Q: 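Pasting in a structure now, in structure tokens, and then I'll have a few things to ask.
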There are 2 protein chains.
Amino acid sequence: MSRRSISTMADVARACGVSIQTVSAVVNDRPGISDETRLRVRAAMSELDYQPNQQARTLRGYKNPMVGVIIPSITNPYFPELVRGIEDVARRSGHGLFLCNDDYDDAKAREYFSFIRANNASGLIASPGLVARSVDGEIERQIHAFARRNVPVVFFGEQRPELPVTSIVVDAREATLDAARHLLELGHRRIGMIAPPVGLHVARERVRDVTEAFAALGHPLDSELIVAGGFDIEAGRSGAAVFMALPQMPTAILASNDLAAMGAIAALQEGGLLVPRDVSVLGFDDIPFAKVFQPSITTVAQPIYELGEAAMTAILDPAVGDPTDMPGRSIWLKAELVVRQSTGPCRERPATKRKTARSQNAPREERHDHEDHET
Amino acid sequence: MSRRSISTMADVARACGVSIQTVSAVVNDRPGISDETRLRVRAAMSELDYQPNQQARTLRGYKNPMVGVIIPSITNPYFPELVRGIEDVARRSGHGLFLCNDDYDDAKAREYFSFIRANNASGLIASPGLVARSVDGEIERQIHAFARRNVPVVFFGEQRPELPVTSIVVDAREATLDAARHLLELGHRRIGMIAPPVGLHVARERVRDVTEAFAALGHPLDSELIVAGGFDIEAGRSGAAVFMALPQMPTAILASNDLAAMGAIAALQEGGLLVPRDVSVLGFDDIPFAKVFQPSITTVAQPIYELGEAAMTAILDPAVGDPTDMPGRSIWLKAELVVRQSTGPCRERPATKRKTARSQNAPREERHDHEDHET
DNA sequence: TTGTAAGCGTTATCAG
DNA sequence: CTGATAACGCTTACAA
């Protein structure tokens, strides 16, 4: 019934009186078919609404033109942008995208690994922290299974030289240095940080970049002013609350990311403080809402869309699939500081006094070109 | 090479000295296998890192446990939530999700339709406007092709009784009435609306709901105050600009959706007006950022996540796959008003004067349970 | 319980 | 260009 309602190559062949392999040749644009037959076959194809069966193809030995993408959650505003970057490249090369949210849950991640493998996907893109979390080595085993089948695996964030994966990494050191310089030039000296959640690689990296930057500029951060946090709005709120309870509040706050920055700003304003008049707040990532938020957020911007593009490009790059080249390859992109409204001069000592609570729309800084290079 | 590095059922069978179909029986939990062999087979499976080949399965007659989801763009903050609703239900039933962004582009939509069909997906979920846009009936043809294969198709928004699809529709009339009443009770009489983009079904519906609501309450909208708009931040900005240029500004603005509301608020505040002190702004949809924005946005909330759940549930519901039941089925969910900070009393006539520019965090209204019923 | 055989739709390899 | 044949990995009768 349902079986017979779908037309196959054989149906097309029968309909226009040619052989099955002629149809196959037409479908795959192989040479050796006269223009006349070619046209006849095409006509029959659309007549019968023929659709090549991807399963049969893949079974015959092709890879499924489909990439698996494992992210924590698409509702985290960082990820839609990343996924778009991936998909736009994928579509151009005829690949579909298999979306997997694992909620930082190992069980879900594994399930999806299996699923992606069972479907013979031609690549796997996974976001940071996935391997790090894996306690029993199951994820590592899966990754090796992919490698054995020449299926390229790309990670964001962590470099794992011992695994057959390509890493897409963001170098935020310069941009973080720019951010530190920016705050210092605005006159801030008592600077707090709302830390990312412990355990994530990107978290350690971010804290390290920040402390190194301030140290390098001769104004090391007061470690008392680094408070525990997280990557969500709530973390920003509670971080700000901690600072507000201090006898002497910081005049500038580095939030773990833009969401935390928003939470911090909200809490500060509810506490009667204006940003950036009374306190400056700086975020990380540059999620799309960072420039819409009121005040718009000064942030160490990750090239999120470009990260996605780079990841998918790496999947398609045959060199990546070549196992001899696989271990430990890394592709670097650079973060950069984007100055917006949430940072302003420190009012505490009579530096430059300002009249307006909210600066006018500062023209958005131009991004530098990202320089990609490989290690 | 790469072929041989992956183990098949035959390998497993050989490894533990049983037949291929015994392995198949174990994999599929079929009865009639002794516990002892079952264990031996399972051991061999994990030993060899065996992974059933989904292509072979699907080819043999099964449906691919995969749903295609076609949305305009995942970077539109409405959709991540929807996709999560879909995925969470999908995962529980062992289905994967094939994500397709069509950017309201017919060509991309078609491409993805083919892709989904070629992959024998077990369902297709598409967002509103897709069919409406299709000029040459190609999309309709595709939909019939799905129906012929008993593949359920679910649409958001539009009901298409003539097509073999299930529709998930939001009834926003009551909630819109609540919103109108809310504004009127706050004393607003000169009320403007930033209209959604023309052409979309949801747009006509939204305008209709709003005009009907105010008419029903005895205060019909002044049609002069309905300005052309769109569904993005820019539309909100320009809509607000139009209103600000008027000799007499509206005291309350209904934006086409939350993004437009944010744009409008930003423009108003840049123009020196405070929300809600000087102007109230009301949005639609309740995207996640609506409650984070400063001020948080009063909005006619769609049960976005639940819409996703309902859609995937409909895909899995065998009744949906039954062609006799297919034409014109609809599942209704209700929108509801969520009052937050962006709406406040009209100050124009000496109604209730307020001191603070920004009201305190109003506790978020409880949502009613959504009542689903079918037509 | 297990083995034998056939088939899903496609591609590949031949000889005609 | 066509026809015959085999193979991809799995499922499902049916027979042993």
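In the text below, chain A, chain B and the rest are named by the order of the sequence lines, each starting its count at 1. On a predicted model such as this, the values are computed, not experimentally measured, just so you know.
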Q: Taking CG from B:L39 and P from C:dT1, how many angstroms apart are they, rounded to a whole number?
A: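 Taking atom P of C:dT1 as the reference, CG of B:L39 is at 12 Å.
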Q: Return yes if a side-chain donor-acceptor contact under 3.5 Å exists between B:Y112 and B:N101, otherwise no.
A: no
Q: Can you build the contact string for nucleotides 10-16 of chain C? Use B for base contact, S for sugar-phosphate-only contact, and - for no protein heavy atom under 4.0 Å.
A: BBS----
Q: Starting from P on D:dG9, measure out to CG on A:N119 and report it in whole angstrom.
A: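 Spelled out: CG on A:N119 to P on D:dG9 is 15 Å.
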Q: Using whole Å, what does the distance between atom C1' of nucleotide C:dT2 and atom CZ of B:R14 come to?
A: 17 Å
Q: Counting only side-chain nitrogens and oxygens, does B:S19 get under 4.0 Å of the OP1 or OP2 atom of C:dT2?
A: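 It does not, given that no N or O in the side chain of B:S19 lies less than 4.0 Å from OP1 or OP2 of C:dT2.
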Q: Rounded to whole angstrom units, what separation is found between the CG atom of B:N120 and the C1' atom of D:dT11?
A: 16 Å
Q: Can you tell me how far P of D:dC8 sits from CZ of A:R149, to the nearest Å?
A: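 Atom CZ in A:R149 sits about 15 Å away from atom P in D:dC8.
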Q: By the salt bridge (charged side-chain N to carboxylate O under 4.0 Å, His left out) test, which pairs, at least two apart or in different chains, include something from residues 16-34 of chain B?
A: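 Pairs touching residues 16-34 of chain B that pass the test: B:D29-B:R42.
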Q: Picking from B:I33, B:V27, B:V23, what satisfies side chain to side chain contact (heavy atoms under 4.5 Å, CB included) with B:V41?
A: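 By the side chain to side chain contact (heavy atoms under 4.5 Å, CB included) criterion, B:V41 pairs with just one of B:I33, B:V27, B:V23: B:V23.
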Q: Going by the rule side chain to side chain donor-acceptor pair (under 3.5 Å), which residues pair with B:S73 if we only count those two or more places apart in sequence or in a different chain?
A: A:R84, B:T75
Q: Parallel, tilted or perpendicular: which fits the ring planes of B:F146 and B:F113, with parallel below 30° and perpendicular above 60°?
A: perpendicular
Q: Without swapping roles, check the side chain of A:T58 against the backbone of A:Q54 for a donor-acceptor pair under 3.5 Å.
A: yes
Q: Taking side-chain contact (heavy atoms from CB on, under 4.5 Å) as the definition, give me every residue that meets it alongside B:D49, ordered by chain and number, with sequence neighbours left out.
A: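 B:D49 satisfies side-chain contact (heavy atoms from CB on, under 4.5 Å) with A:R117, A:A145, A:R148 only.
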Q: Side chain to side chain donor-acceptor pair (under 3.5 Å) with A:Y50: which residues, sequence neighbours excluded?
A: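 For A:Y50, no residue satisfies side chain to side chain donor-acceptor pair (under 3.5 Å) once neighbours in sequence are set aside.
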Q: What does the inter-axis angle of the helix from C:dT1-D:dA16 to C:dG16-D:dC1 come out as, five pairs per end, nearest 10 degrees?
A: 40°
